[in-house]
Asker: 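Structure incoming, see below.
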There are 2 protein chains.
Amino acid sequence: MLDIRVAIFEDNKLVRDAMQAILNGTPGYRFTGGAADGNRWEMDIRRSEPDVVLMDIEMPGLNGIELTKNICNSFPEVKVLIQTVFNDGERIFLALCAGASGYILKSDPPHRYLEAIKEVYNGGAPFNTTVAKKMLSFFSNKNVILVSPQSNDYRLSEREKELLQLIVEGYDYKTIATKSFISYETVRTHVKHIYKKLHVASRSEVVMKARQQGLL
Amino acid sequence: MLDIRVAIFEDNKLVRDAMQAILNGTPGYRFTGGAADGNRWEMDIRRSEPDVVLMDIEMPGLNGIELTKNICNSFPEVKVLIQTVFNDGERIFLALCAGASGYILKSDPPHRYLEAIKEVYNGGAPFNTTVAKKMLSFFSNKNVILVSPQSNDYRLSEREKELLQLIVEGYDYKTIATKSFISYETVRTHVKHIYKKLHVASRSEVVMKARQQGLL
DNA sequence: TCATAAAATCACCCAATGGGGTATTGTACA
DNA sequence: TGTACAATACCCCATTGGGTGATTTTATGA
């Protein structure tokens, strides 16, 4: 079997070097590149062609979560394993949303690192028990709301989209009328149509919906 | 060390009996009660005094997620371990929000059950790798939005809370006035105060906020 | 004990919003 | 050519939200 190719984003050179030594000293793993920041992440990934990226989330400069998002978008075949000293729910949550495949604490021993790397490589999702626990309590604290996935083709006409934009921006009908060179009543008619199509019944609902569904 | 006391909610009697046999046949575990549905859950829990509840999420009648929520609210010291054949992200997510401590698939072997029970008992959060993976992909699909945690002490008076309740339930001011034995204008005054305290400016906003922050 | 601060009650004014119609014009499509 | 729909416009009316002001009761603290 081929070695698992691992690249590291980590600002601490000592840690990078240690990981390099551990990885290259363990059969089945190969260290293929390390970077102290994400400034040249695209090139770094192309060069090192990793199967798994070990990502330090607390890097100076480009934020580890953003970096994770970028890598996951541009190189979907690459798995990202987050490593951090933090274990607060929000950070974990954001990293997961960014597309990370697993989460490991810096306090975990090297053998856990190796296990976790193998696990993400094989399609798993390694979680430190502490991490999983934190994440759960984060959920139970109702910090999150569920948005049912749905089609967002509401068949709004072009004109309706224009007006929706202005509504969401908070202009009142009179102002929208002036801006759009139509009458107040026409604005109201369009708004009614928009509300019907989006199944909402008030300004604030439509703003919510438009934001959530990215209709803007 | 004392045995871990385990109760089971599961509609399939065969499964219940099997778990009873396994638990009582394994040192360190004790089966303390089983129920085919959640109709008498409160009494069932009081009788069996479990440390861990094994919850089948696909039970007829009372829904396993609701049941989990109830148990976690009324008996916060009891850990709930969800067992299911499903592994879709949404269901897992809902169960976690309901307060479950871990998630196990029915296809997992008995020894995994025992491990998982011990793990939740010790404060951990067991996850089948498949489950964790599903959950992650659910997150990355942006089905969720984050709500920044904030203090929810808005210093609403008792009366204001009552009226807020009615507002969120969708009654119009006239109806609320009748229901509360006060005049329409007084309802309006209270509503204005509530809006000021909650920093909202419309019915739908206040409904959102109240729901998200559990002000109900 | 008295002053002050709130909570709770009610009233009036006014602007903005939302829902129900109806109507005319133009355009696209079958 | 007729039907459907988008865009325009107007009317009526109920509800909502904000402002101002007032009275009464209740609590709280100096």
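Only heavy atoms go into these numbers, but all of them, side chains included; no hydrogens, no water, no symmetry mates.
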Asker: Along nucleotides 9-21 of chain D, 5' to 3', which nucleotides get a B, which get an S, and which get a -, given that the test is a protein heavy-atom distance under 4.0 Å?
Answerer: BBBB--SBBBB--
Asker: Would you mind classifying the nucleic acid contact of B:H193 as base, sugar-phosphate or nothing, using non-hydrogen atoms under 4.0 angstrom?
Answerer: nothing
Asker: Sequence neighbours left out, what passes side-chain contact (heavy atoms from CB on, under 4.5 Å) with B:E115? Give chain and number order.
Answerer: B:H111, B:R112
Asker: Suppose we screen for salt bridge (charged side-chain N to carboxylate O under 4.0 Å, His left out). Which residues come up paired with A:E185, at least two apart in sequence or across chains?
Answerer: A:R188
Asker: Does B:D56 have any side-chain contact (heavy atoms from CB on, under 4.5 Å) partners at least two apart in sequence or in another chain, and if so, which?
Answerer: B:E10, B:D11, B:E58, B:M59, B:Q83, B:K106
Asker: If you apply the rule side chain to side chain contact (heavy atoms under 4.5 Å, CB included), what do you find for B:W41 with B:F75, and how did you get there?
Answerer: CA-CA 11 Å; B:W41 65 272; B:F75 304 90; 3.8 Å; yes
Asker: Only counting residues at least two apart or in another chain, list the ones meeting salt bridge (charged side-chain N to carboxylate O under 4.0 Å, His left out) with B:R47.
Answerer: none
Asker: Can you sort out the partners of B:K196 under side-chain contact (heavy atoms from CB on, under 4.5 Å), two or more places apart, ordered by chain and number?
Answerer: none
Asker: Which residues pass the side-chain contact (heavy atoms from CB on, under 4.5 Å) test with B:E162, sequence neighbours left out?
Answerer: B:R159
Asker: At 10 degrees resolution, what angle do the end axes of the helix from C:dT1-D:dA30 to C:dA30-D:dT1 form when each is taken over five base pairs?
Answerer: 40°
Asker: Using the test salt bridge (charged side-chain N to carboxylate O under 4.0 Å, His left out), find all partners of B:E158 that sit at least two apart in sequence or belong to another chain.
Answerer: B:K161
Asker: Anything under 3.5 Å between a donor and an acceptor, one on a side chain of residues 175-182 of chain B, the other on a protein residue two or more places apart or in another chain? List them.
Answerer:
unit_1, atom_1, unit_2, atom_2, d
B:T175, OG1, B:D172, OD1, 2.5
B:T178, OG1, B:K174, O, 3.1
B:S180, OG, B:I176, O, 2.9

Asker: Only counting residues at least two apart or in another chain, list the ones meeting salt bridge (charged side-chain N to carboxylate O under 4.0 Å, His left out) with A:E205.
Answerer: none
Asker: What is the first contacted nucleotide of DNA chain C and what is the last, in 5' to 3' order, if contact means an atom lying under 4.0 angstrom from a heavy atom of chain A?
Answerer: C:dA16 to C:dG21
